[in-house]
Amino acid sequence: MPVARPEPQEPRVIAHVDMDCFYVQVEQRRNPALRGQPTAVVQYNDWKGGGLIAVSYEARGFGVKRSMRGDEAKRVCPGINLVQVPVARGKADLNLYRSSGSEVVAILASKGKCERASIDEVYLDLTEAAKEMLLQAPPDSLEEICMEAAKSNILGLSSDASEKEKNVRAWLCRSDADYQDKLLACGAIIVAQLRIRVLEETQFTCSAGIAHNKMLAKLVSGMHKPAQQTVVPLSSIQDFLSSLPVKKMKQLGGKLGSSLQYDLGVETIGDLLSFSEEKLQEQYGANTGTWLWKIARGISGEEVEDRLLPKSHGCGKTFPGPRALKNNTSVRILALPFSSFSSKIISYSLAAEAEYLRGRTRLSCMPIYLGMKQLENTQLSTFRTVKGWLDQLCEELSERIQSDLNQNKRIAQTLTLHARASKKNERDSMKKFPSKSCPLRYGTGKIQEDAMKLFESGLHDFLESQSTGWSITSLSVTASKIFDIPSGTSSILRYIKGPNSSAPPAISDSSSVPEDPSLDVTPIHEEQCEPSTSEKEDNNRYSAISTKQCPANEEKKNSMKSTGVKGASSILKFLSRDHSAHQEKRRSDGLICSHQGPGSSSEANEAERNVPAQAAVVDRSNSGAEPSGSSNTWMLNVEDIDPAVVEELPPEIQREIQGWIRPSKHPTAKRRGSTISSYFPPARS
DNA sequence: ACGGCTCAGACG
DNA sequence: TCGTCTGAG
């Protein structure tokens, strides 16, 4: 539900910039032959020509619409070019569009506060820039208003055909306008210039709205498309809103808007004016009521956030209808001679059969025994299918958070799994599959492992001790709670490496050791992708400690003393717990609730939930040297830090490491002694 | 059995 | 806090 924000007293200049059929433009830039042609971007071409997700304006002229199928589009526009979105790991891959969007954001962020609102939209707060212009070079002093600005659409300005551009110039230069509209005029000129820069530097066109708040800017940015901008002068607001259908207002496109129509008889925003704030609050609660009252008057206090990057990364795929992940996709029928389901027909998956034929599955797993055995078997098989997809999704997610780490120095702290599932022939089939989350550990393999555990946990809750006939219709994994890594983190590195890297490592007994070029660091891809999927060129080159390859503790200490410690990788490796111990710990402390059979008690489970386990150590020492702003980053989970090793470090270093640790808020999470058990605190006070 | 895949934010 | 729900594009 929307909520009202206190509005700033000072007038603001806000712009909303919206790329024109963005995915199409990205494809047109990649293949210029598509320019000027009716074109649409589709995903999943196999079923009815795929679904359209972007349509060029030429194609729109033929009546092609978003959310037509490809076949349908061909019907109304036989000449249309259908471009498929890239596919990777069996799913749509939007990275091309994401990175193209970033190009645009980088330009638009140059003139003021910039908020990335979606892959192809931003809000700008141009207040300061507009004030500046009004002081330094007001529109009426400019001998020539830039062409693009003169092509603006001014809401409420009489748009007589040939005179329009002249009128617009006049409006932009009006010396008798009130202050706020003068600011808007400056904003319009700035936005026009920005849009030209975007076109020049990216070849993309965009449209924009310029107004005093986000709501109005957003409302008009799409009013004149493509490649145009629209300004909302103060005097035009009431007329504009009064005739605006409620459903057009952002946040009112869904149930709330419908409720306004059907429960209050409100058809336009203007109709809202006849309701008192109290009445609206009574109907929709204090927050939403006030919000409604205000938006009816063009008031919106929402600030433009200073944020160029997304707050979360998610990867998902749906498995609609017959493609649902289930144990009986291809039906084999087997009548059981004796079982509790003796009269029933049980199906099992082709995958399980194939496994059996390959000799990978033991006979006892095949459905020749009792009903229960058989159920286990079919579930195992479904798990395998789910795991396969989950692994794919996690692989993509891992890649995305790693490049976020390298390029933006941000760490995600929470991993969430969501699924949709349905039960066959169950009365309670309305029940939803619960989402589950846990602390996020970096590394493809770890993410895959944790995601699968989360899935099992969710499935357990979903099934509630029944276990037949379930299927999965969607899967997604999300990384969220993303924080900037604080700068000045690794004094430990400087300390250990010495003031400059030529100095001997202070921590080592042997005083002079040649600098080791981090050979012992294992790239995480190699570490964790056993079936070696097509390894792409690592332009996101990050490295992580491989716990697998850590020697045992004693050995580690010795190697530390004898060879010295060189570089972040060695240090992190040194700090980390050895792999088998780590595994034991995980099993006993249970970062994620492990699957519990029906009837097993849940109190232990309760105590082990939500144990923070994420930490990071980042070597930013060379980040200044990297021109791209991307530098190698080493990660270490705090749970992998060996407290015994830490104890041997100098006190100030110990203190620093302790500083990474935040006490668990969960008193039930019992720890032994000084076990490091918490996670790296986010960057801020 | 079809709009798929993302994102953000509010609420309890 | 986590999980659910709404809404947007």
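Convention: sequence-line order gives letters A, B, ...; per-chain numbering from 1. A quick note: this is a predicted structure, and the numbers were derived from the prediction, not measured.
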Rounded off to whole Å, could you give me the [atom1]-to-[atom2] distance for the [X] and [N] pair?
{"X": "A:I119", "N": "C:dA8", "atom1": "CD1", "atom2": "C1'", "result": "14 Å"}
{"X": "A:H418", "N": "C:dC5", "atom1": "NE2", "atom2": "C1'", "result": "10 Å"}
{"X": "A:L415", "N": "C:dC2", "atom1": "CG", "atom2": "P", "result": "12 Å"}
{"X": "A:K255", "N": "C:dG7", "atom1": "NZ", "atom2": "C1'", "result": "10 Å"}
{"X": "A:L454", "N": "C:dG3", "atom1": "CG", "atom2": "C1'", "result": "13 Å"}
{"X": "A:D120", "N": "C:dG9", "atom1": "CG", "atom2": "C1'", "result": "7 Å"}
{"X": "A:H16", "N": "C:dA8", "atom1": "NE2", "atom2": "C1'", "result": "10 Å"}
{"X": "A:K431", "N": "C:dC5", "atom1": "NZ", "atom2": "P", "result": "11 Å"}

Return yes when atom CZ of A:R66 has more than 12 non-hydrogen atoms of other residues, nucleotides or ligands closer than 6.0 Å, and no otherwise. no
SB check [X] [Y] (cutoff 4.0 Å):
{"X": "A:R89", "Y": "A:E395", "value": "yes"}
{"X": "A:R98", "Y": "A:E396", "value": "yes"}
{"X": "A:E27", "Y": "A:R30", "value": "yes"}
{"X": "A:K113", "Y": "A:D306", "value": "no"}

Given DNA chain B, 5'-ward residue of the pair A:R420 and A:R5, judged by closest heavy atom: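 The residue closer to the strand's 5' end, by nearest nucleotide, is A:R420.
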A:W47 or A:V3: which one's nearest nucleotide on DNA chain B is closer to the 5' end? A:W47
Contact residues, residues 301-320 of chain A to DNA chain C [heavy atom, < 4.0 Å]: none
For a quick check of understanding: with a heavy-atom distance under 4.0 Å over all strands, which category does [X] fall into, base, sugar-phosphate or nothing?
{"X": "A:N287", "value": "sugar-phosphate"}
{"X": "A:K481", "value": "sugar-phosphate"}
{"X": "A:G51", "value": "nothing"}
{"X": "A:Q43", "value": "base"}

A:K218 vs C:dA8: side-chain N/O to OP1/OP2 distance below 4.0 Å: no
Determine the interatomic distance between [atom1] on [N] and the same-named atom on [M]; round to the nearest Å.
{"N": "C:dG9", "M": "B:dA1", "atom1": "P", "value": "27 Å"}
{"N": "B:dC2", "M": "C:dA8", "atom1": "P", "value": "23 Å"}
{"N": "B:dG3", "M": "C:dG7", "atom1": "C1'", "value": "15 Å"}

Along DNA chain C (nearest heavy atom to each residue), the more 5'-positioned of A:F433 and A:R66: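 In this pair, the answer is A:F433.
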Note: for A:M1 and A:D18 on DNA chain C, the residue whose nearest nucleotide lies more 5' is A:M1
Return the set of residues passing side-chain contact (heavy atoms from CB on, under 4.5 Å) with A:S221 (not counting sequence neighbours), or none when no residue passes.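 Expected list: A:H16, A:D18.
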Taking atom types as modelled, is there a side-chain donor on A:Q84 or A:Q43 under 3.5 Å from an acceptor on the other?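 There is no such pair (donor and acceptor under 3.5 Å, judged by atom type) between the side chains of A:Q84 and A:Q43.
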Indicate the ring-plane relationship of A:F455 and A:W470, choosing parallel, tilted or perpendicular according to the 30° and 60° boundaries. tilted
A:K317 side chain vs A:W389 backbone, donor-acceptor pair below 3.5 Å: no
Can you check whether A:G316's main-chain N or O pairs, donor with acceptor, with A:S476's side chain at less than 3.5 Å? no
Range on DNA chain B touched by chain A - first to last nucleotide, heavy-atom distance under 4.0 Å: B:dA1 to B:dC11
